[in-house]
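Working notes, beginning with the structure itself.
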Amino acid sequence: MSIDVLNGSTLKGGNGNLLSVSGGATATMNVDNSRNLAGNVIADATSTVRLNLQNNAELTGQLQNVSTMSVGNASNWNMTGDSQVGALNMAGGTVTMGAANEFYQLNLQTLSGNGTFVMGTDFDQGKTDFINVTGEATGNHSLALAASGSELVKTQVVHTGGGDAAFSLEGGPVDMGAYAYNLKQEGNDWFLDTQTRVVSRSARVVTALFNTPVTIMTAEEGSLRARMGELRYSPHSTGLWIRGFGSKYDVSQSSGTGYSQNLKGFSIGADMPLGDSQWKVGVFGGHSNSDVNPARGAAGTVKSYFLGTYATWMDEESGFYFDAVAKANRFQNEAKATLSDNTSTKGGYNNVGGGVSAEFGRHIKLGDSSFIEPYGRLSTIVVQGGTYSLKNGLQVEGERTRSRTAEAGATVGHEFQLDDGTLIKPYLRAAVVHEFANNNKVLVNNQTFNNDLSGSRAKYGAGVAVSFTQDLQAHIDVETSTSDKIKQKAAVNVGLRYAF
């Protein structure tokens, strides 16, 4: 008996069975260009059933004692229970082993051809789909395993009785909690390899987010510290100012959690002299937005809101100066990741941070118009940790993030006086920065990652300050720095101040 289901036909088993063969009968079902077939195909031990899906065909049901089956190109078999097939030939098609929360075993005598098996996993319950080939397996087959936020235990996904079949993971290593795993063959068995692993996409973004507040706060404060052409041109005036800034960082971590960060923001502030003294005090606030881009399909955003105060002292006669800054931040953090199975997950949290810094230097004149300005600076930052989870169940716990840096450098420049009274001061800067903090831990499903940016880096900058009048000044400043762990590829700061 031959049954042909062709050209968009629909077929549904009234009692749950699409085809039932018994009593030593033989039946062949050919499904061609028809996707709405629902029901089981069942044969008793004395009967023979041959099933062929081809040309965009689809069958949803359980197969019991089917002798041979071919799944052709663009065709799909959706399993609804444990199934048994004698000889399965994958001719470019797909076998979907149940829904995401269903776990089935496919028992085969032989496997051949080339195709894809869509398989689910749930390591919280210790469940996974499983392919069991008692005889020979040949061909090349892809396993599309579902990603998970749970941690992997050693898991077997395929067993064969022999043959030269090759199995691989579709899309590369599959995300399982904090890490992503590939397949490993051990004899005739195939396991997810717990020995060779890379950091998962979701772990990359959540660890990066706990590290970015340090670079955010540093960049925000750097816009304030670029005060050449403002306070020094009018030390005894009250002033209002506004600045825009942007930075791009590349961070490399030995744990495999590196990322790039693009930051942009603005700040506004006001300052005034303290009586007739050489001190000036001010307040400022602003906002920045950072896009965090770890490799392999993950992304994060950090919105920062900040308020602070600062004081500066300048001795016009000796050229010595002193700056102090105190600043508080509130961060809104969001993590998103497209996982290895093309599903997505996300999560977020809010936290706060604070930092203080102090800088001491001297403005030394070289002739009538040139100068050199050596300086030293100390800074410390502390950012609140946090505990949260992503929608795929990944658990994240970050300790307090700390930064303790020391910086030493010098600025050299020259003043040009134009005929209309405009004063232009270009300058160059070079410095060495050392980060002392080396133990900022993040736990991802109790797996420990360390955001370590410790070490020294060289920093270079250039800029120009312009005094249009005694009351109106502007500046632009660019900067770059590099080390083996963090590179500030570019930082730009533009400011305008009006004094009255």
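Reckoned from all heavy atoms, side chains included, excluding hydrogens, waters and symmetry mates. Treat the numbers as computed from the prediction; the structure is a model and nothing was measured.
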- Message: Is the distance between the ring centroids of F130 and F191 under 6.0 Å?
- Response: no
- Task: Decide whether N55 and N33 meet the rule of one side-chain donor and one side-chain acceptor closer than 3.5 Å.
- Result: no
- Query: With a 3.5 Å cut-off and no angle check, do the side chains of S454 and K485 form a donor-acceptor pair?
  - Reply: yes
- Message: Distance check, rounded to the nearest 0.5 Å: L339 atom CG versus R201 atom CZ?
- Response: 7.0 Å
- Query: Do E151 and N445 have side-chain N/O donor and acceptor atoms under 3.5 Å apart?
  - Reply: yes
- Task: Start with the C-alpha gap between S290 and Q261, add the side-chain angles, then the distance that decides, and say whether side-chain hydrogen bond (donor to acceptor under 3.5 Å, both in side chains) holds.
- Result: CA-CA 6 Å; S290 290; Q261 177 186 355; 3.3 Å; yes
- Message: For a side-chain hydrogen bond (donor to acceptor under 3.5 Å, both in side chains) check, start with the C-alpha distance between N438 and D452, then their side-chain angles and the critical distance, and finish with the verdict.
- Response: CA-CA 5 Å; N438 61 358; D452 179 9; 5.5 Å; no
- Task: Kindly determine whether E407 and R457 satisfy salt bridge (Lys or Arg N to Asp or Glu O under 4.0 Å), including the steps that lead there.
- Result: CA-CA 10 Å; E407 179 177 337; R457 63 183 184 268; over 6 Å; no
- Message: Looking at every heavy atom in both L378 and A406, which two are closest together, and how far apart are they?
- Response: CD2-CB, 3.7 Å
- Just wondering, are more than 12 heavy atoms of other shown residues or ligands nearer than 6.0 Å to NZ in K327? yes
- Residue pairs fulfilling salt bridge (Lys or Arg N to Asp or Glu O under 4.0 Å) with at least one residue in residues 388-400, sequence neighbours excluded: none
Name the atoms and distances for all side-chain donor-acceptor pairs under 3.5 Å in residues 180-188, with sequence neighbours left out.
residue, atom, partner, partner atom, Å
Q185, NE2, G187, O, 2.9
E186, OE2, K154, NZ, 3.3

- Message: With a 6.0 Å cut-off (strictly less than), is the heavy-atom count around NZ of K459, excluding the residue itself, greater than 12?
- Response: yes
- Query: Taking only residues at least two apart or on different chains, which pairs with a member in residues 343-353 satisfy salt bridge (Lys or Arg N to Asp or Glu O under 4.0 Å)?
  - Reply: none
- Task: Indicate the atoms forming the closest heavy-atom contact of G24 with D44, along with that distance.
- Result: N-OD1, 4.4 Å
- Test side-chain contact (heavy atoms from CB on, under 4.5 Å), reference M69, set V95, N52, L53, output is L53
- Could you tell me whether the side chains of N351 and N333 share a donor-acceptor contact shorter than 3.5 Å? yes
- Is the shortest distance from a Lys or Arg side-chain nitrogen in K487 or D250 to a carboxylate oxygen in the other one below 4.0 Å? no
- Task: Give, for atom OG1 of T134 and atom CG of L111, the distance between the pair rounded to the nearest 0.5 Å.
- Result: 11.0 Å
- Going by the angle between their ring planes, with limits at 30° and 60°, are F245 and F306 parallel, tilted or perpendicular? tilted
- Heavy atoms of S483 and S456 approach each other most closely as CB-O, 3.3 Å
- Give a yes-or-no answer on whether the side chains of Q84 and N65 include a donor-acceptor pair shorter than 3.5 Å. no
- Task: Compute whether any side-chain donor of one residue and acceptor of the other, for K248 and N262, lie under 3.5 angstrom apart.
- Result: yes
- Hey, what do you get for CG (L453) to CG (D484), rounding to the nearest 0.5 Å? 10.0 Å
- salt bridge (charged side-chain N to carboxylate O under 4.0 Å, His left out) involving E170 - partner list, sequence neighbours excluded: none
- Query: So, Q64 and N40: side-chain donor and acceptor under 3.5 Å apart, yes or no?
  - Reply: no
- Task: Look at D291 together with K264 and state whether they make a salt bridge at an N to O cut-off of under 4.0 Å.
- Result: no
- Any salt bridge (Lys or Arg N to Asp or Glu O under 4.0 Å) involving residues 4-19? Give me the pairs, sequence neighbours left out, ordered by first then second residue. none
- Query: How far apart are the closest heavy atoms of E435 and R404, and which atoms are they?
  - Reply: OE2-N, 2.8 Å
- Query: Under the salt bridge (Lys or Arg N to Asp or Glu O under 4.0 Å) rule, what pairs show up with a residue in residues 13-24, not counting sequence neighbours?
  - Reply: none
- Compute whether any side-chain donor of one residue and acceptor of the other, for S112 and N89, lie under 3.5 angstrom apart. yes
- Query: Is there a donor-acceptor contact under 3.5 Å from the side chain of Q62 to the main chain of D82?
  - Reply: yes
- With a 4.0 Å cut-off, would you call E479 and K489 a salt bridge? no
- Any side-chain donor paired with an acceptor under 3.5 Å for Q332 and N350? no
- Compare every heavy atom of T128 with every heavy atom of G120, then report the nearest pair and how far apart it is. O-OG1, 3.2 Å
- Side chains of N76 and N78: is there a donor and an acceptor less than 3.5 Å apart? yes
- Query: Cut-off 3.5 Å, side chains only: do S304 and E220 have a donor facing an acceptor?
  - Reply: yes
- Query: Have R35 and N56 got a donor and an acceptor in their side chains that come within less than 3.5 Å?
  - Reply: yes
- Message: Are there over 12 heavy-atom neighbours, none belonging to Y388, within less than 6.0 Å of that residue's OH?
- Response: yes
- Check A146 against V174 and note the closest heavy-atom contact, atom names and distance. O-CG2, 3.8 Å
- Would you say Y179 and Q447 make side-chain contact, with heavy atoms under 4.5 Å? yes
